**Student:** 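One structure, as structure tokens, below. Some questions next.
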There are 2 protein chains.
Amino acid sequence: MLQLRCDDINADWKERALGLRDAVELFRGKWKFVILKTLAHGPLRFKDLQEKLNISPKVLTRELRELEQNLLIVRTIRKMKQISVEYAVTEYARETKWILETLISFGENHRKKIKAQVKA
Amino acid sequence: MLQLRCDDINADWKERALGLRDAVELFRGKWKFVILKTLAHGPLRFKDLQEKLNISPKVLTRELRELEQNLLIVRTIRKMKQISVEYAVTEYARETKWILETLISFGENHRKKIKAQVKA
DNA sequence: CAGAATCCGGTCAGATACTG
DNA sequence: CAGTATCTGACCGGATTCTG
């Protein structure tokens, strides 16, 4: 929790900034969106993801953990001859699709605007 | 531009991921939202911002530059006895308010969901 | 005043090698 | 197979000092 000073009349939106950060962090970084999209076609194992995305195991592990903690994917272990771990998107992840779409279209428009400005 | 492999049927959303990144980066970090909110009350000089936010000059400079490049603020130099540089939010910044609000409320809901899950 | 330069500790993405 | 361990180099936020 951020410590606020007495003369700080902005306490309310400093709290709101935390909500913003949560949302931003959720889809931040190079991989989260890509992983979600890849799993949208159907569940995949660790190895499959690694090969499809060309990502190092350490990074993949961390990204998967974060997505799991945010309830966007589920991790299920299958005891075969060889251990197999399957990752799948959750219903909640599908419910978040709208905000992803919102962000993407906003981002694309924004990019256009910046480009136009640079030329002008 | 990302290089895509032949077997890659996902070229379209790899491009869309760029839009997402633009949007996410726009309000990322510790300061951008706070600066925008602070300037929403009216233009301020570098020094004012520095004192209000208790931020180091290097970081403040970088954040202001990024916001300026993204057309969210404008920088105007006033030649007084002492040089004075004023920063103000743009109309475009006001137009982006809706997406900030969207992200914030989504983030707050998400936070609640995660907390509830942890307890359960 | 507005910032640039420098130094710092921490985190991040990635490559690589190794383990149960 | 599904990761962990280790090391790297880049970047981030910050403190401090210096300059036009």
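Each chain gets a letter, A, B and so on, in the order the sequences are listed, and its residues count up from 1. Since the structure is predicted, the reported quantities are computational estimates derived from the model, not experimental observations.
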**Student:** Take the protein atom CD1 of B/I55 and the nucleotide atom P of D/dG14, then report the distance between them rounded to whole Å.
**Tutor:** 7 Å
**Student:** So if I take the C1' atoms of five pairs at each end of the helix from C/dC1-D/dG20 to C/dG20-D/dC1 and get each local axis, what angle do the two axes make, rounded to 10 degrees?
**Tutor:** 30°
**Student:** May I ask you to decide whether B/R28 forms a salt bridge with B/E25, counting only side-chain N to carboxylate O separations under 4.0 Å?
**Tutor:**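 Yes, B/R28 and B/E25 are salt-bridged.
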**Student:** Within the side chain of B/T90, is there an N or O that forms a donor-acceptor pair under 3.5 Å with the backbone of B/L71?
**Tutor:** yes
**Student:** Looking at A/W31, I'd like to know whether one of its side-chain N or O atoms comes within less than 4.0 Å of OP1 or OP2 on C/dG14.
**Tutor:** yes
**Student:** Any salt bridge between B/K47 and B/E51, counting N to O under 4.0 Å?
**Tutor:** yes
**Student:** Give the rounded distance in Å between these two atoms: NZ of B/K79 and P of C/dA2.
**Tutor:** 13 Å
**Student:** Between C1' on C/dA2 and CD1 on B/I73, what's the gap in Å once rounded to a whole number?
**Tutor:** 14 Å
**Student:** Below 4.0 angstrom from OP1 or OP2 of D/dG13, is there any side-chain N or O of B/K30?
**Tutor:**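 The answer is no; no side-chain N or O of B/K30 sits under 4.0 Å from OP1 or OP2.
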**Student:** Other residues, nucleotides and ligands only: do more than 12 of their heavy atoms fall within 6.0 Å of CD1 on B/I83?
**Tutor:** no
**Student:** Report the nucleotide, chosen from C/dA2, D/dA2, D/dG13, that has the shortest atom-to-atom distance to any side-chain atom of B/E63.
**Tutor:** D/dG13
**Student:** What are the two closest non-hydrogen atoms of A/A88 and A/L39, and how far apart are they?
**Tutor:** N-CD1, 4.3 Å
**Student:** Classify the ring geometry between A/F46 and A/Y87 as parallel (under 30°), tilted (30 to 60°) or perpendicular (over 60°).
**Tutor:** tilted
**Student:** Please produce a list of atom pairs where a protein N or O lies less than 3.5 Å from an N or O of nucleotides 3-8 of chain C.
**Tutor:**
| from | atom 1 | to | atom 2 | distance (Å) |
| --- | --- | --- | --- | --- |
| C/dG3 | OP1 | B/R75 | NE | 3.1 |
| C/dG3 | OP1 | B/R75 | NH2 | 2.2 |
| C/dG3 | OP2 | B/Y87 | OH | 2.6 |
| C/dA4 | OP2 | B/R65 | NH2 | 3.4 |

**Student:** Send over the distance from B/L44 CG to C/dC1 P, rounded to a whole Å.
**Tutor:**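 Taking atom P of C/dC1 as the reference, CG of B/L44 is at 14 Å.
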**Student:** Could you check whether any side-chain heavy atom of A/L36 comes within less than 4.5 Å of a side-chain heavy atom of A/L67, counting everything from C-beta outward?
**Tutor:** yes
**Student:** When you measure from the side chain of A/R62, which nucleotide among C/dA13, D/dC12, D/dA2 comes out closest?
**Tutor:** C/dA13
**Student:** Nearest nucleotide by nearest heavy atom, which residue falls closer to the 5' end of DNA chain C, A/I83 or A/G29?
**Tutor:** A/G29
**Student:** How many whole angstroms separate atom CG of A/L53 from atom P of D/dA2?
**Tutor:**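 Result: 14 Å.
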**Student:** Same cluster or not: B/I99 versus A/L20, using hydrophobic residues (I, L, V, M, F, W, Y) connected whenever any side-chain heavy atoms lie under 4.5 Å apart?
**Tutor:**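 Linked within one cluster.
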**Student:** Of B/Q82 and A/K32, whose closest DNA chain C nucleotide lies nearer the 5' terminus?
**Tutor:**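 The residue whose closest nucleotide sits nearer the 5' end is B/Q82.
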**Student:** Tell me the interatomic distance from B/I77, atom CD1, to D/dG20, atom C1', rounded to whole angstroms.
**Tutor:** 13 Å
**Student:** Does a salt bridge link A/E91 with A/R94, judged by any charged N lying under 4.0 Å from a carboxylate O?
**Tutor:**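 Here A/E91 pairs with A/R94 in a salt bridge, since their nearest N and O are under 4.0 Å apart.
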**Student:** Write down the distance between CD (B/E25) and P (D/dC12), rounded to a whole number of angstrom.
**Tutor:**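 Checked: the CD to P distance equals 9 Å.
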**Student:** Looking at every strand, decide which applies to A/S84 at a 4.0 Å heavy-atom threshold: base, sugar-phosphate, or nothing.
**Tutor:**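 Sugar-phosphate, no base atom in range.
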**Student:** Without decimals, in angstroms, what is the distance between B/L60 CG and D/dC12 P?
**Tutor:** 16 Å
**Student:** Would you say A/K47 places a side-chain N or O within less than 4.0 Å of OP1 or OP2 belonging to D/dC1?
**Tutor:** yes
**Student:** Does one hydrophobic cluster hold both A/V74 and A/L26, with members joined at side-chain heavy-atom distances below 4.5 Å?
**Tutor:**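 Not linked; separate clusters.
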